[in-house]
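Whatever order the structure lists ligands and atoms in, that order sets their numbers, starting from 1. The analysis underlying the following values was restricted to heavy atoms, covering all of them including side chains, and did not include hydrogens, waters or symmetry mates. In this chain, residues are counted from 1 in sequence order.
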Amino acid sequence: MHFSKEDFGTDFKWGVSTAAYQIEGAHDLDGKGQSIWDSFSQKKRNISNGDNGNIACNFYHQYDSDIALIKQLNIPNYRFSISWSRIIPNGVGEVNSKGIEYYQKVIDTCLALGIEPWVTLYHWDLPEALHKKGGWTNREVLNWFSDYVHCCIKYFGDRVKHWMVLNEPMVFTGAGYFLGVHAPGKVGLSNFLAATHHATMCQAEGGRILRSYNKGFKIGTTFSYSDIAPLRELHEKDARAAVKVDALLNRLFLEPLLGMGYPLRDLKILQKIERFMLAGDEQKLAFEMDFIGLQNYTREKVRYAPLMPFMQAKIVIANKRKVPHTLMNWEVYPTSIYNALKRLQSYPSIKEILVTENGAAFEDHVIDNEVNDTERLNYLQEHIAQVLKAQNEGVNVKGYFVWTLMDNFEWAEGFHPRFGLIHIDFATQKRTIKSSGKWYSQLLTK
Ligand code: NOJ
């Protein structure tokens, strides 16, 4: 390892990230309403091994000892999300006081231990009641979401300073409304483009609402962002295919936020989004965030695929390319995070970048109470080194959050892919700090 935390500057935010549905459990307790992930994962065929998040890491009951573990690891910043249906069971209307109290306790526990809470407002668990009315495909979601943001500010805004509006909108719209492999399992271009436009509107509106309350809030939103390259170098059709995939996966939600509109020129099919746009929407898509959250795990290689509908492009997954990869079949390619940072920095209107997620799933083994996760450790070290390299070259990157604190419910993949710094035995809920967790802790302690 060739770096220390001092190399990144004293104002650099080191942290760890989680999300409500992936860790909390208590899916129907204390007045919580159902979310789309509750209903989606009850249908066994939707999730690998028939897993669901009913119990997950039982964080709902163990938050105090788990936050104490964050403290023990000396991690100063904790990013987590609020479950919308835990605080507003039907998505709109009546507030669930037990849900509010729970998050106030989580936040207060952090603050009492000197851990800064970073709240994501929406990490994919839309209330089921809103889904029944069309969810993200219904323009009404703009009002539902605004009310929800106001509610979060009302109850948590006195103690939370750092906010992120959405988590990876491309993933929840693409996987949830186009491919149907994530909740709510909808498919098709029309659902996808409607959800996309409404989420992009909410992304900016959420920022505006937060800003209107408190000028001191630090406001951001997060994006999945991978380095994307043509499979065959200097192959013109692959290069064109890569531009399209990049427009879809990396630019679709980011550029309208930056006032550039949707990347319609590089992916013509997106022009159909215009039928969901009303007069004046274009301006409302833009908002000046204090920071952009980069969530990077891998790079994608793209080849021209004439038969692929809409895109004529295909991502060639890592094992087919015979390159080192994680349990998610994502290539291990640390330069990807460097390239992503450089690329984000090239947008003049991005003020500051934080890596709000980076991490890896590998097979772990508990032996004598130890988990020697060398591959994850190397992955983290190599990626953090690339962040430093980018920073040294002038990229304004001001934070790094590991995905994730502890092994948890990895959406459609269930509990099999483990990303945690802390191992969880899901049968007993026993926590074991992995070697990667000990190393991260040392980095932050020195
Ligand atoms: C992105 C998502 O925000 C998070 O929920 C997920 O677990 C990780 N990446 C790993 O796939």
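Judged by a 6.0 Å distance limit and a 45° cone about the ring axis, Arg418 is not positioned over the six-membered ring of Phe362.
In this structure, ligand 1 sits under 4.0 Å from heavy atoms belonging to Gln22, His123, Trp124, Asn167, Glu168, Gln295, Tyr297, Trp330, Glu357, Trp403, Glu410, Trp411, Phe419.
For the side chain to side chain contact (heavy atoms under 4.5 Å, CB included) criterion with Leu405, the lone passing option out of Ile422, Ile23, Leu421 is Ile422.
When the side chain to side chain contact (heavy atoms under 4.5 Å, CB included) test is applied to Ser224, the partners found at least two apart in sequence or on another chain are Glu168, Met170, Val171. Partners of Ser48 under the side chain to side chain contact (heavy atoms under 4.5 Å, CB included) rule, at least two apart in sequence or in another chain, do not exist in this structure. Residues satisfying the side chain to side chain contact (heavy atoms under 4.5 Å, CB included) test with Lys244, not counting sequence neighbours, are Leu267, Met311, Gln312.
Between Trp411 and His182, the angle of the ring planes lies from 30° to 60°, which puts this pair in the tilted group.
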